[in-house]
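Worksheet: one structure, shown below.
Model, not experiment: these values are computed from the prediction. Hydrogens, waters and symmetry mates play no part in the numbers below; they use all other heavy atoms, side chains included. All chains are named by letter (A, B, ...) in the order of the sequence lines, taking the proteins before the strands, and each is independently numbered beginning at 1.
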Amino acid sequence: MIKVLISKPGLDGHDRGAKVIARALRDAGMEVIYTGIRQTPEQIVQTAIDEDVDILGVSILSGAHMKLVPKILELLKEKGSKIPVFVGGIIPEDDAIELKKLGVIEVYGPGTPTSEIIDKIKGYFENANI
Amino acid sequence: MDESIKKSYEAWEKQTESLIKKYPEEGNFKTTWSDEVKRLYTPLDVGDYSQIGFPGEFPYTRGVQNTMYRGKLWTMRQYAGFGTAEESNKRYKYLLEQGQSGLSIAFDLPTQIGYDSDDPHSLGEVGKVGVAIDSLADMEILFDGIPLDKVSTSMTINATASILLAMYIAVGEKQGVKRDKLRGTIQNDILKEYIARGTYIYPPKPSMRIINNIFEFCSKEMPLWNTISVSGYHIREAGANAVQEVAFTIADGIEYVKTAMEAGLDPNVFGKRLSFFFASHNNLLEEVAKFRAARRMWAKIMKERFNVKDPDALKLRFHTQTSGSTLTAQQPENNIIRVTIQALAAVLGGTQSLHTNSMDEALSLPTEDSVRIALRTQQIIAYESGVTKTVDPLGGSYYVEALTDEIEKKAFEYIKHIDEIGGMINAIESGYVQQEISNSAYEYQKAIESKDQIIVGVNEFVIEEKNPRKTLKIDDALEIKQIEKLREMKSKRDNKAVKEKLDNLERSAKTSENLMYPIIDAVKVYATVGEISNTLRKVFGEYKESVIF
């Protein structure tokens with residue numbers, strides 16, 4: 001079973017998307033942990049490692065993504081973790097390109113069907129197993 | 001008469017049924033809260049006229065004023081603020097020049113949650129979703145050249161409302177405007193922060209004590225100030241349906257009236273300083289009915305539950321904002337149409353003030369051009385559409401009246417349940433309200449994915465879009481600049497006085513004294529939002545949400 005951590009870094013309280021995704025992934029048969037709002041990058045990375053998750057989802061709508069996502073990636077690297085990271089929220093296109101360059105596997109904007117995210121995650125692990 | 005209508009109606013239905021065999025109906029015929037919508041509404045669906053009544057009269061279904069927009073248009077109030085105080089000050093002056101009639105201040109998240117810009121929690125958030133205010137020094141710049149006796153100012157501030165209100169008072173004094181002349185609103189609705197918006201600091205009990213202190217202070221010193229805006233907006237945007245929005249907002253309102261009465265305030269007086277804030281979504285007629293139902297419910301609650309006699313204290317006055325969550329990142333120009341429908345619903349529902357969203361808000365902060373179109377949308381409704389010419393133009397529509405009754409009935413069922421489980425604070429602490437909203441949000445998402453709910457440009461009528469649009473970006477250098485400004489201010493101020501005032505605040509917090517006075521003393525010597533909040537954190541502790549999805 002794929003184990004996912006859905007996280008909300010920073011001070012942003014817009015958690016509708018994070019909760020809907022968490023629930024959709026759970027209904028798709030994954031084991032899902034949701035951190036709740038207002039987590040520091042340090043807390044998120046620690047939880048991801050402690051819980052030994054397969055993949056980490058990061059939701060930000062406040063505009064702080066270019067500070068907080070790189071910080072999470074950096075901390076994961078420091079700890080020698082290879083947990084893949086995907087991002088959702090209000091992320092302008094050029095920022096999304098930049099985040100993908102830094103190693104984020106996918107960036108999802110408003111209007112993305114949950115089925116697309118589910119397929120992507122499942123596909124990612126199927127390919128990884130080959 | 002009912003009998004003859006009933007007969008004709010039955011005959012009509014029979015005839016229609018036979019037609020449907022040849023030409024079947026297709027589509028989704030449900031309300032957004034999943035009730036069946038009838039094919040046709042007739043006088044048979046409308047109840048007693050006393051429930052509809054007259055504008056300006058109990059139960060205020062048709063509006064809180066006798067003449068509504070014939071007497072005065074709604075206040076066009078665009079929520080704005082970003083970056084530094086200097087930049088926001090420029091945007092406010094621009095909006096006032098464009099014909100906006102009041103200010104609405106957006107603060108950044110650190111300011112809302114009581115952290116200074118140099119706090120590690122503030123990383124990446126400074127000046128992003130609103131203006132960064134660390135101390136009175138920033139607030140002086142924010143309102144530079146804007147006479148506080150001439151504008152009314154609405155501040156979206158909750159957990160730190162007492163601090164920002166204290167700063168506003170201090171700026172007023174420096175301009176020579178006494179606090180009893182200041183006009184405006186603080187949102188100050190902490191309960192919905194636990195439910196939906198997330199900018200809480202302390203646990204519910206001390207939070208309600210601070211609100212209580214603000215109510216008491218303003219009742220004595222700031223007669224023109226609206227001390228709370230009970231907000232359904234964020235509850236709705238978090239996924240609640242229209243019935244839940246009304247029910248949970250009014251249940252919060254009941255809690256605040258109880259609190260005010262505990263502070264010794266007379267609900268006949270306090271009721272006049274209370275305002276509400278709702279969302280407006282795409283389903284035009286449901287939304288109109290929602291506003292009408294909310295008004296009627298509140299009047300009944302104030303009258304029957306709290307024994308209010310003064311008619312002005314029975315009136316639900318509200319601000320509306322069009323719905324951010326309905327805006328699409330795909331084909332963003334379509335959002336102008338969505339905003340128009342939503343704004344029209346608010347006006348047909350009798351709103352007192354309105355914010356229209358900008359078309360590019362699903363992509364980033366709005367650009368100046370898109371903000372102007374949003375304001376123009378209101379002006380076109382006001383001056384060209386003709387809907388302002390008569391009061392409550394949809395009153396008497398069989399469907400709208402039936403929907404109004406339905407929303408009222410269903411929302412009262414929720415309120416009854418909340419009463420049974422011990423009131424709204426218990427309902428929030430147990431996670432009941434959050435779970436209800438989360439369920440609705442998930443159902444809605446599923447409806448979109450199954451195409452039960454069509455979203456134009458998202459799950460239907462999709463096109464390939466290439467050129468990324470021009471978006472407004474906040475320069476990251478701003479955070480560094482704001483931190484430098486803060487450090488410089490701290491090196492110049494009288495730090496001994498700051499310590500003294502903060503110690504005094506801490507002492508007061510441990511007693512039952514009104515905290516507004518020591519907070520005003522502290523802001524005047526340039527104690528920061530973070531320092532004041534941290535002082536109270538020491539005494540009150542911090543709230544930890546129960547994670548529900």
Side-chain angles (χ1 to χ4, degrees), chain A residues 6-27 32-43 47 59-72 89-97 107-118, chain B residues 82 108-110 112-113 115 120-130 193 196-200 234 237-239 324-325 327-330 361-365 434 437-439 441-442 444-446 448-449 455 457-459 462 467-469 471-474 476 479 544-549:
Chain A
I6 299 293
S7 64
K8 288 247 6 135
L11 301 178
D12 179 25
H14 293 91
D15 57 1
R16 176 176 180 169
K19 286 178 170 179
V20 166
I21 297 296
R23 203 151 157 182
L25 298 182
R26 188 172 67 191
D27 282 2
V32 182
I33 305 164
Y34 167 49
T35 59
I37 63 168
R38 257 196 247 174
Q39 300 284 302
T40 62
E42 287 80 4
Q43 286 171 315
T47 308
S59 164
I60 309 180
L61 290 87
S62 68
H65 50 272
M66 292 313 284
K67 279 272 167 67
L68 295 170
V69 176
K71 182 99 198 200
I72 289 171
I90 307 276
I91 316 287
E93 203 161 305
D94 40 347
D95 287 351
I97 293 167
V107 177
Y108 296 107
T112 310
T114 56
S115 56
E116 187 183 322
I117 302 171
I118 293 164
Chain B
F82 57 89
D108 73 356
L109 287 166
Q112 294 189 51
I113 306 174
Y115 294 118
H121 289 96
S122 304
L123 178 74
E125 308 277 17
V126 176
K128 285 281 159 54
V129 302
E193 297 295 331
R197 193 166 170 274
T199 70
Y200 47 74
H234 318 89
E237 292 296 291
S325 66
L327 300 182
T328 64
Q330 296 77 9
E361 288 185 60
L363 300 166
S364 73
L365 286 166
Q434 296 90 317
I437 295 170
S438 168
N439 291 347
Y442 193 52
Y444 185 69
Q445 181 63 30
K446 284 204 293 194
I448 292 171
E449 300 201 10
I455 310 289
V458 175
N459 62 2
V462 179
N467 306 322
R469 298 179 58 85
T471 55
L472 182 92
K473 276 212 184 156
I474 303 299
D476 275 334
E479 190 159 319
K544 186 90 189 72
E545 72 167 324
S546 50
V547 175
I548 287 158
F549 69 91

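One finds a salt bridge joining B:Asp476 and B:Lys128 here, because a Lys/Arg side-chain nitrogen approaches an Asp/Glu carboxylate oxygen to under 4.0 Å. We find that A:Lys8 and A:Asp12 are joined by a salt bridge, their nearest charged nitrogen and carboxylate oxygen being less than 4.0 Å apart.
Your options are B:Ser364, B:Ala329, B:Ala362, and the one with the most heavy-atom pairs under 4.5 Å with chain A is B:Ala362. In terms of heavy-atom pairs under 4.5 Å with chain B, the best-connected choice from A:Ala24, A:Gly111, A:Gly10 is A:Ala24. In terms of heavy-atom pairs under 4.5 angstrom with chain B, the leader among A:Asp94, A:Ile91, A:Thr40 is A:Asp94. For chain B, the option among A:Gly36, A:Pro113, A:Ser62 with the highest count of heavy-atom pairs below 4.5 Å is A:Ser62. Per-residue counts of heavy-atom pairs under 4.5 Å with chain A were compared for B:Ile455, B:Asn439, B:Ile437, B:Val126; the largest is that of B:Asn439.
The shortest distance between side-chain heavy atoms of B:Tyr442 and A:Asp27 falls below 4.5 Å.
Separating the CG atom in B:Leu365 from the CD1 atom in A:Ile90 is a distance of 10.0 Å, to the nearest 0.5 Å.
Only the side chain of B:Ser325 has a heavy atom closer than 4.5 Å to any heavy atom of chain A. Using a 4.5 Å cut-off between heavy atoms, B:Leu363 touches chain A through its backbone atoms (N, CA, C, O) alone. For B:Gln445, the part sitting under 4.5 Å from any heavy atom of chain A is the side chain, from C-beta outward, and nothing else. Within the 4.5 angstrom heavy-atom criterion, no atom of B:Gln112 approaches chain A. Contacts between B:Pro120 and chain A at a heavy-atom distance below 4.5 Å are absent for every atom of the residue. In this structure, chain A has a heavy atom under 4.5 Å from the side chain of B:Tyr115, while its backbone stays farther away. For B:Ser438, the parts lying under 4.5 angstrom from a heavy atom of chain A are both the backbone and the side chain. For A:Ala18, no part lies near chain B; criterion is any non-hydrogen pair under 4.5 Å. Using a 4.5 Å cut-off between heavy atoms, B:Glu361 touches chain A through its backbone atoms (N, CA, C, O) alone. Heavy atoms closer than 4.5 Å to chain B are found in the side chain of A:Leu68, but not in its backbone.
No more than 12 heavy-atom neighbours from other residues, nucleotides or ligands sit within 6.0 angstrom of NE2 on A:His14.
A donor atom on one side chain and an acceptor atom on the other are not found under 3.5 Å apart for A:Thr35 and A:Gln43.
Annotation for A:His65 and A:Pro70: closest pair O-CD, 3.3 Å, computed over non-hydrogen atoms. The two residues B:Phe549 and A:Arg26 come nearest to each other via the heavy atoms CE1-NH1, 3.4 Å.
A cation-pi arrangement is present between A:Arg38 and B:Tyr200, with the terminal nitrogen or guanidinium carbon under 6.0 Å from the aromatic centre and inside a 45° cone about the axis.
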Item to check | Trace of the salt bridge (Lys or Arg N to Asp or Glu O under 4.0 Å) decision for A:Glu42 with A:Lys71 | outcome: CA-CA 9 Å; A:Glu42 287 80 4; A:Lys71 182 99 198 200; 3.7 Å; yes
